[in-house]
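Input: a single structure, listed below in structure tokens.
Chain A is the first sequence line, chain B the second, and so forth, proteins listed ahead of strands; every chain is numbered from 1.
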There are 2 protein chains.
Amino acid sequence: MVATSELERAVNDRLAEHDLRYTAGRRAIVEGLKAADGPVTLPELLDSSPDLAQSSAYRNLGLLEEAGVVRRLVHGGEHAHFELSESLTEHHHHLICESCGLVRDVTLETKLERTLDKAFDTLAEAEGFVTTHHTVDLYGLCSTCR
Amino acid sequence: MVATSELERAVNDRLAEHDLRYTAGRRAIVEGLKAADGPVTLPELLDSSPDLAQSSAYRNLGLLEEAGVVRRLVHGGEHAHFELSESLTEHHHHLICESCGLVRDVTLETKLERTLDKAFDTLAEAEGFVTTHHTVDLYGLCSTCR
DNA sequence: CAGATATTGGGTATCATTCTCACTGCATGG
DNA sequence: CCATGCAGTGAGAATGATACCCAATATCTG
């Protein structure tokens, strides 16, 4: 995980590239995502930062997504989940509880991940795709929902 | 891919287990999904089977999903995609165009897939999860959107 | 400080999906 | 062979997450 000051700088840079300011509201979102123990939904984010306005939070999450600061996860549940972009943290995958919607981060060992990457590139190329990233989601039941 | 008559029987069985009838509308959905060249959205399904009513199609897709006949894919686009359950076809993954929303099926080679399965089980177990299935999505740009 | 531009937030609009409900049709038992 | 009951249908309305609008503010630049 990147140190806070370094994260701040990185976010600031990416926003600047997109002519966006790093305002208090946006900082609150980034801090909220950083502090969270895994991807969070918008209501969860608002709970942890009560001063955020819903409309601004949605708008800023969208802008932060475009700027490459935030990643949006869309699963089957009612709300999308948001997390800091992998380029600001590290490549990882998700363990998703089909009952309560909980999302936890997991990482594959480096070697397997590299093998996968290579296989994915080959597959994509065969179909004429150029891939930007991939996701691996493991669905099941968490320890409390079991 | 399972032969049509076999598919029909399998679908019929699963519906029966859930006290559901295999009606004309449901058959049209299954045929539409089978005929499609990859996962389709509801509007696409309605286009290919114009007699389907939207409300019934949504309702029946939901019921077919519960019965394990249909899988719903939720990505970032405007519509969910639907496809026949993997237990009726074969395990595969998805190549998703971030520009036009096109979804294509791809399969990993058996050996790699088995390695992955094992790794996933270990990961999930370590977090107290019991996994039911996994998805691998490759995001990028298709040949026409590039 | 002025002017230009970005941001905010409350309210409202959108639109995919789900729900409601009156109606239809199929199956079973007498 | 009809009556009864329940599953299925479809048109429209309701729902709800998310996006949009716009007037009021805040921030930068020179």
May I have the distance from [X] (atom [atom1]) to [N] (atom [atom2]), rounded to whole angstrom?
X       : N      : atom1 : atom2 : value
B:Gln54 : D:dA14 : CD    : P     : 16 Å
A:Leu61 : D:dC20 : CG    : C1'   : 16 Å
A:Glu66 : D:dA19 : CD    : P     : 11 Å
B:Asp19 : D:dC6  : CG    : P     : 13 Å

Query raised in the report: Does B:Leu20 or A:Arg21 map to a spot on DNA chain D nearer the 5' end, using the closest nucleotide for each?
Result: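 First, find each residue's nearest nucleotide; the 5'-ward one identifies B:Leu20.
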So, OP1 or OP2 of [N]: does either fall under 4.0 Å of a side-chain N or O from [X]?
X       : N      : value
B:Arg59 : C:dT20 : no
A:Asn60 : C:dG9  : no
A:Tyr58 : D:dA19 : no
A:Ser56 : C:dG9  : yes
B:Arg72 : C:dA16 : no
A:Thr23 : C:dT8  : yes

**Report entry** Pair A:Glu83, A:His92: side-chain N/O donor-acceptor within cut-off below 3.5 Å
**Finding:**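 Present: a donor and an acceptor within the cut-off.
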Query raised in the report: Closest heavy-atom contact between B:Cys97 and B:Leu141?
Result: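 Looks like SG-CA, 4.0 Å.
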Query - A:Arg26 side chain, from C-beta outward: closest of D:dT18, D:dG8, C:dT8 - result: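 The closest nucleotide is C:dT8.
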Query raised in the report: Nearest to the side chain of B:Ala53 - D:dG8, C:dT8, D:dG10?
Result: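 Output: D:dG10.
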Query raised in the report: Taking NZ, NE, NH1 and NH2 as the nitrogens, is one of them in B:Arg71 or B:Glu86 under 4.0 Å from a carboxylate oxygen of the other?
Result: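 Here B:Arg71 pairs with B:Glu86 in a salt bridge, since their nearest N and O are under 4.0 Å apart.
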Query raised in the report: Taking the six-membered ring for Trp, is the centroid-to-centroid distance between A:His75 and B:His75 below 6.0 Å?
Result: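 They do not qualify: ring centres at least 6.0 Å apart.
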Query raised in the report: Quick check, are the ring centers of B:His91 and B:His134 under 6.0 angstrom apart?
Result: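 Centroid separation for B:His91 and B:His134: below 6.0 Å.
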Query - base_contact_polar (C:dG10 base, A:Ser55 side chain, donor-acceptor, <3.5 Å) - result: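 A donor-acceptor contact between them is present.
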